[in-house]
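Below is one structure; the comments refer to it alone.
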Amino acid sequence: MLDIKLLREQPEWVKAQLARTGTDGTLVDEVLAFDEQRRRLLQEVESLKAERNAASKAISKMQDAAQRDLRIAEMRVVGDRIAALDRAVAEVEAAQRLALLSIRNLPHPDVPDGASEDENVVLMQSGELRAFDFGPKPHWELGEALGWLDFERGVKLAGSRFYLLRGNGARLQRALIQWLLDLHGQQGYSEVYTPFVVKEQCMWGAGQLPKFRDNLYRDEDAGLWLVPTAEVPVTNIYADEILDAAQLPIYLCAYTPCFRREQMSAGRDVRGIKRGHQFDKVEMYMFVRPEESAAALEKLREDAAETCRLLGIPYRIKALCTGDLGAAATRTYDLELWSPGVQEWLEVSSCSNVEAYQARRANIRYRPEPGARPDFVHTLNGSGLGVPRTMIAIMENYQQPDGSIAVPDVLQPYLGGTQFLT
RNA sequence: GGAGAGAUGGCAGAGUGGUCGAAUGCGGUCGUCUUGAAAACGACAGACCCGUGAGGGUCCGUGGGUUCGAAUCCCACUCUCUCCUCCA
């Protein structure tokens, strides 16, 4: 959510920033129209309330019964008027808030302008692409041959885009998750285990609603929503709280499964495990003082890059352009692992500084100094890493001519020292 | 799932229609005293909204109702605790 004061004071500038992302400024005008209406109503109703408060006080002290009854009759009319105005204010406020919640975040000035993902900027690439003396296979062929991936049974259980991981495939994934969590612990992130379902309020707080309603699973009876990313529960941990400045920064990491309906990507990435309705992810998350968030994003990116480096897989880092930036982000780096089987760079991490966008929605504040007014924190999130795509990259980069998979050095201790998995 | 109790400021806790944004204690900040600290004493101190300002308004779990006026009365809901029941 943007600061309403920013919209009031610099509406044209805000619209210009939105235009950089290909968003028109209609909602800005809508918010401001509601804002004007709301303030007009507020001034009227509040002066009536002031009158009522004064009159109530006076009535309690009146001795003359006739005079008192007269005044009470007068105030009955005022009370009705107040009730009607209060309802009108609530309606306008709700409409204004919905419009404000629907406006995306503004891009950071340094974000490269561009219309689509084609104009993202590759900042660096690291690691040698492996030279194969045989034709590298895609992971679905490797996985089915090894008995690790069972697509048919997954579909039988839950429908398309679901699969089973079996045997050493399941063990490799478990090892990967545990290694990622341990590594992030060393990098300074404290591990947190969260609910995998959340209240609707949390979806608004993290910015999933109203925009991504169609992409979310929910249990209507229970009023609970399945998390599409750990970012959702973690963001809301400190919702409606005022943190001590001394507590900041807070670095957290969390493993969760992620559930996404993928209604918008029908027909895309249907082979293999690149895009499922359920996938695992380890997430890094930061709550920081506003002045620290720019540097925090660099740390986040470096920490994600370290995981790629330690896995020994070629990776590259992209700066997303304005046209590809997520709705909540001011600035995002994507990390991609090279996968020789499918011959593509796989997005395994997205590191974003959302500044106060989520903090304002979820009402997460901190007190800069003792006794000072609270202010919103900045939050950042980054995958570390998306698990299935990392699995793809491991399988395809470490595949052997006989179809077995070499285990990256860092994962061997998590698999009893095993060097090759079959 | 059943029965009962409860939800008030950072914490504990009083308050059953107007004098309550709210006693008191602890904690907090500042000051006095002190070489320094502690103790003692004194003062200050919530969040949000409207207003250039003076000032005004809202907030006692949430939502609704009664009333000229609600922390206080009524209704619904949510959550917490205790006991019973059941189950990883």
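Computed over heavy atoms, backbone and side chain alike; hydrogens, waters and symmetry mates excluded. In what follows, chains carry the letters A, B, and so on, assigned in the order in which the sequence lines appear, proteins first and then strands, with residues in each chain numbered from 1.
- Remark: side-chain polar atoms of A:R104 are paired, donor with acceptor, to backbone N or O of A:L325 under 3.5 angstrom.
- Look at the P atom in both B:A22 and B:G46: the space between them is 11 Å, to the nearest Å.
- Across B:G21 and B:U58, the matching P atoms stand 10 Å from one another, rounded to whole Å.
- In summary, the side chains of A:Y333 and A:E298 do present a donor paired with an acceptor at a separation below 3.5 Å, with no hydrogens or angles considered.
- At least one donor-acceptor pair closer than 3.5 Å links the side chain of A:N120 to the backbone N or O of A:C321.
- Taking the P atoms as reference points, B:C79 lies 16 Å from B:G63, given to the whole Å.
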Name every donor-acceptor pair, under 3.5 Å, that has one atom in a side chain of residues 70-77 of chain A and the other anywhere in the protein, sequence neighbours excluded.
unit_1, atom_1, unit_2, atom_2, d
A:R71, NH1, A:E74, OE1, 2.4

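- Across the strands present, B:C60 finds no partner; the criterion is a Watson-Crick or G-U wobble pair with both atom distances under 3.5 angstrom.
- Using Watson-Crick or G-U wobble geometry with both donor-acceptor distances under 3.5 Å, B:A3 finds its partner in B:U82.
- Across the C1' atoms, B:G65 and B:G10 are found 34 Å apart, a figure rounded to whole Å.
- Applying the side-chain hydrogen bond (donor to acceptor under 3.5 Å, both in side chains) test to A:R153 and every residue at least two apart in sequence or in another chain returns A:D150.
- When both pairing distances are held under 3.5 Å, B:G42 makes a Watson-Crick or G-U pair with B:C30.
- Annotation: salt bridge (Lys or Arg N to Asp or Glu O under 4.0 Å) contacts of A:E144 (sequence neighbours excluded): none.
- Summarising the geometry, the separation between CG on A:L243 and C1' on B:G10 is reported as 13 Å, rounded to the nearest angstrom.
- When the P atom of B:C48 is taken as reference, atom CD1 of A:I4 falls 16 Å away, rounded to whole Å.
- A donor-acceptor pair is defined here as one N or O able to donate and one able to accept, closer than 3.5 Å; no such pair exists between the side chain of A:E44 and the backbone of A:L41.
- Contact annotation: A:R40 does not reach the phosphate of B:C50 (side-chain N/O to OP1 or OP2, under 4.0 Å).
- Side-chain contact, A:D334 with A:S350: a donor N or O sits under 3.5 Å from an acceptor N or O.
- Nucleotides B:C86 and B:G1 are separated by 8 Å at their C1' atoms, to the nearest Å.
- Residue pairs meeting the ring pair (Phe, Tyr, Trp, His ring centres under 6.0 Å) criterion with at least one member in residues 219-253 of chain A, sequence neighbours excluded, are A:Y189-A:Y251, A:Y238-A:F287.
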Atom pairs under 3.5 Å, N or O on each side, protein against nucleotides 59-68 of chain B: can you list them with distances?
unit_1, atom_1, unit_2, atom_2, d
B:C68, OP1, A:R76, NE, 3.0
B:C68, OP1, A:R76, NH2, 2.3
B:C68, OP2, A:R76, NE, 3.2
B:C68, O4', A:I72, O, 3.2

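- Pairs engaging residues 194-205 of chain A under the side chain to side chain donor-acceptor pair (under 3.5 Å) rule: A:E200-A:W204 [sequence neighbours left out].
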Distances for protein N/O vs nucleotides 54-57 of chain B N/O pairs under 3.5 angstrom?
unit_1, atom_1, unit_2, atom_2, d
B:G56, N2, A:E46, OE1, 2.8
B:G57, OP1, A:N53, ND2, 3.0

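- Within the shown strands, B:C11 is the pairing partner of B:G25 under the Watson-Crick or G-U definition, both distances less than 3.5 Å.
- With both ends at atom C1', the span from B:C33 to B:A38 equals 12 Å, rounded to whole Å.
- Atom CD1 of A:I242 and atom P of B:A45 are 17 Å apart (whole Å).
- Look at the P atom in both B:G69 and B:G28: the space between them is 43 Å, to the nearest Å.
- The neighbour count for A:E36 CD, taken as heavy atoms of other residues, nucleotides or ligands under 6.0 Å away, does not exceed 12.
- A donor-acceptor pair under 3.5 Å is absent between the side-chain atoms of A:E292 and the main chain of A:P249, judged by distance alone.
- Of the residues in residues 359-366 of chain A, A:R365 come within less than 4.0 Å of RNA chain B through at least one heavy atom, sorted by number.
- One atom, CG of A:L42, and another, C1' of B:C48, lie 12 Å apart when rounded to the nearest Å.
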Mind listing the side-chain donor-acceptor pairs of residues 411-422 of chain A below 3.5 Å, one per line with the distance, residues two or more places apart or on another chain?
unit_1, atom_1, unit_2, atom_2, d
A:Q412, NE2, A:V407, O, 3.0
A:Y414, OH, A:D182, OD2, 2.6
A:T418, OG1, A:L415, O, 2.6

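- Distance A:E44 CD to B:G51 C1': 16 Å, rounded to the nearest Å.
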Show which side-chain atoms of residues 270-278 of chain A pair as donor or acceptor with protein atoms under 3.5 Å away, not counting sequence neighbours.
unit_1, atom_1, unit_2, atom_2, d
A:K274, NZ, A:D269, OD1, 3.3
A:K274, NZ, A:E344, OE1, 3.2
A:R275, NE, A:D269, OD2, 2.8
A:R275, NH2, A:D269, OD2, 2.9
A:H277, ND1, A:Y217, OH, 3.3
A:H277, ND1, A:R260, O, 2.8
A:H277, ND1, A:R261, O, 3.3

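- Under a cut-off of 6.0 angstrom, the local environment of CD in A:E291 is crowded, with over 12 non-hydrogen atoms contributed by other residues, nucleotides or ligands.
- Nucleotides B:C83 and B:G13, compared at atom C1', are 26 Å apart to the nearest Å.
- Per the geometry, CG belonging to A:D240 stands 12 Å off C1' belonging to B:C48, to the nearest Å.
- Along RNA chain B, the nucleotide nearest A:S60 and the nucleotide nearest A:K199 are compared for position; the residue whose nucleotide lies closer to the 5' end is A:S60.
- Of the residues in residues 27-39 of chain A, those placing a heavy atom less than 4.0 Å from an atom of RNA chain B are A:R38, A:R39, in numerical order.
- Going from atom CZ of A:R367 over to atom P of B:A45 covers 14 Å, rounded to whole Å.
- In this structure, A:D244 places its CG atom 11 Å from P of B:U29, rounding to the nearest Å.
- Among the atoms of the strands shown, none is found under 4.0 Å from any heavy atom of A:R81.
- Contacts classified as side chain to side chain donor-acceptor pair (under 3.5 Å) and involving residues 16-25 of chain A (residues at least two apart or in different chains) are given here: A:Q17-A:R20, A:R20-A:D113, A:T21-A:T23, A:D24-A:T26.
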